[in-house]
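Have a look at the structure below before the remarks.
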Amino acid sequence: MERRKKSFSIMHFKDFMRSMTNEVANLIAPLFVRPIPRWPFFVFLGGAMFCLLASSTCHLLFCHSRRIAYIMLRLDYAGIAALIATSFYPPVYYSFMCDPFFCHLYLGFITLVGCATIAASLIPAFETPEYRVIRAVLFFGMGVSGVVPILHKLIAFRHRPEAVCTTVYEVLMGICYGLGALVYATRIPERWKPGKFDIAGHSHQLFHVLVVLGAYTHYRAGLVYLKWRDLEGC
Ligand SMILES: [Zn+2]
């Protein structure tokens, strides 16, 4: 009798251990069975690094000569276009990785518009005033088109805390970039006190600080996407 009781409790313990092992295995399985691709996150990091490198090179060499200043300014615009275009990759890819149609549609669209904007920034033919409107529309359209996949994600995954959290980061990023563009275009604050902000606090410095802040909030959103998909897959 005593022996039967003992073997029963050992079996019970073994069952318990087996179910625990299964649970832990289920929890970490997606990490090993279906590793989530990292390339969309690296595309964004590459675009952000290219943008910051292009603008620091632009500022370093701008005073060299008229010719170099002309080339550098083009490179600076191309860097901003690359940052905006590559910013779409992590949210679009990780939000719609289980829905290839929308994933390819949004990524294809932003890649096309991004290439067109980079070309419009670099090709001298687009430099002329007639193309000024086209350049402005390309930059503006590229930024605003981000609203479509973000809203789509928010509706499709409204019950997921990760979708809400990443949207908050994306709105913060939009505010940073929007403020950056506003400060850049209106030349605040030096327009109010000319000469007072030549060394520190100039609109162009504020613009660059806001771009770095925007890219950083986007990076934080990218980490949330990675954690979400790593744990759950599709
Ligand atoms: Zn600059």
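These values consider heavy atoms only, across backbone and side chains, with no hydrogens, waters or symmetry-generated copies. FYI, the numbering just counts along the sequence from 1.
The main-chain N or O of T186 is found under 3.5 Å from a side-chain atom of R191 such that the two form a donor-acceptor pair. With R229 contributing its side chain and S95 its backbone, the two residues share a donor-acceptor pair below 3.5 Å. With R187 contributing its side chain and A185 its backbone, the two residues share no donor-acceptor pair below 3.5 Å. Side chain of H218 to backbone of G214: no donor-acceptor contact under 3.5 angstrom is found. Looking only at distances, no side-chain donor or acceptor of E162 sits under 3.5 Å from a matching main-chain atom of V224. Looking at Q205, its side chain does come within 3.5 Å of a backbone N or O of H202 through a donor-acceptor pair.
A salt bridge does not link E170 with R220: every distance from a Lys NZ or Arg NE/NH1/NH2 to an Asp or Glu carboxylate oxygen is 4.0 Å or more. Between E232 and R160 there is a salt bridge, with a side-chain nitrogen of the basic residue lying less than 4.0 Å from a carboxylate oxygen of the acidic one.
Contact between Y169 and A221 at its shortest, heavy atoms only, is CB-CB, 3.6 Å. The shortest heavy-atom contact between C51 and G79 is CB-O, 3.2 Å. Between I118 and A81, the shortest heavy-atom distance links the atoms CG1-CB, 3.7 Å. Taking all atoms of both residues into account, the shortest heavy-atom contact from P90 to S87 is CD-O, 3.7 Å. Residues L83 and A48 approach most closely at CD1-CA, 3.5 Å, considering heavy atoms. Between T117 and L138, the shortest heavy-atom contact is OG1-CB, 3.7 Å.
Side-chain contact between P149 and F102: absent, with no pair of heavy atoms (C-beta onward) separated by less than 4.5 Å. For the pair R158/V164, no side-chain contact is recorded, criterion being any heavy-atom separation below 4.5 Å from C-beta on. Taking the side chain as every heavy atom from C-beta outward, F140 and V137 never approach each other to under 4.5 Å. Side-chain contact between I84 and F139 is present, with heavy atoms from C-beta onward closer than 4.5 Å. Residues F101 and F96 have side chains not in contact (no heavy-atom distance under 4.5 Å, counting atoms from C-beta outward). Looking at C176 and L213, their side chains come closer than 4.5 Å, going by heavy atoms from C-beta outward. Contact of the Y93 side chain with the V43 side chain is not registered, since no non-hydrogen atoms from C-beta on lie closer than 4.5 Å. The side-chain heavy atoms of I110 and V92, taken from C-beta on, include no pair separated by under 4.5 Å.
Following chains of ILVMFWY side-chain contacts shorter than 4.5 Å, one cannot reach Y77 starting from M72, and the two form parts of different hydrophobic clusters. When hydrophobic clusters are built by joining Ile, Leu, Val, Met, Phe, Trp and Tyr residues whose side-chain heavy atoms come closer than 4.5 Å, directly or via intermediates, L223 is grouped together with M173. Linking Ile, Leu, Val, Met, Phe, Trp and Tyr residues whenever their side-chain heavy atoms come within less than 4.5 Å places V148 and Y177 in a single cluster. Following chains of ILVMFWY side-chain contacts shorter than 4.5 Å, one cannot reach Y216 starting from V209, and the two form parts of different hydrophobic clusters. Cluster annotation: F109 is connected to M142 through the hydrophobic network of ILVMFWY side chains, with a link wherever side-chain heavy atoms come within less than 4.5 Å.
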Run the ring-ring contact (aromatic ring centres under 6.0 Å, His included) test on F157 and W228 for me, step by step, so that the C-alpha distance in whole Å, both residues' side-chain angles and the decisive distance to 0.1 Å come before the verdict. CA-CA 12 Å; F157 301 101; W228 171 20; 5.3 Å; yes
Evaluate the criterion side chain to side chain contact (heavy atoms under 4.5 Å, CB included) for residue pair S203 and V183; output intermediate values, then yes/no. CA-CA 6 Å; S203 68; V183 157; 3.7 Å; yes
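Interatomic distance, CD1 of I80 versus CG of L75, reported as 10.5 Å (0.5 Å rounding). Atom CG of residue L179 and atom CG of residue L206 lie 10.0 Å apart, to the nearest 0.5 angstrom. Rounding to the nearest 0.5 Å gives a distance of 7.0 Å between CD1 of I68 and CG of L61. With values rounded to the nearest 0.5 angstrom, S121 atom OG is found 11.0 Å from L73 atom CG. L122 contributes atom CG, which lies 10.5 Å from atom CD1 of I71 (distance to the nearest 0.5 angstrom). Separation of atoms CZ (F41) and CG (L226) is listed at 5.5 Å; rounding is to 0.5 Å.
Remark: F50 CZ is packed, more than 12 non-hydrogen atoms of other residues, nucleotides or ligands lying under 6.0 Å away. Atom OH of Y70 has more than 12 heavy atoms from other residues, nucleotides or ligands within 6.0 Å. Sparse packing is recorded around OH of Y219, with 12 or fewer heavy atoms of other residues, nucleotides or ligands lying under 6.0 Å away.
Between Y225 and Y94, the ring planes are parallel. Angles under 30° get that label, and only those over 60° would be called perpendicular. Ring orientation note: the planes of Y106 and H152 are nearly perpendicular, at an angle over 60° on the 30°/60° scale. Between H208 and H59, the ring planes are perpendicular. Angles over 60° get that label, and only those under 30° would be called parallel. Between F207 and Y184, the angle of the ring planes lies from 30° to 60°, which puts this pair in the tilted group.
By the 6.0 Å and 45° rule, R38 does not stack over the aromatic ring of Y89.
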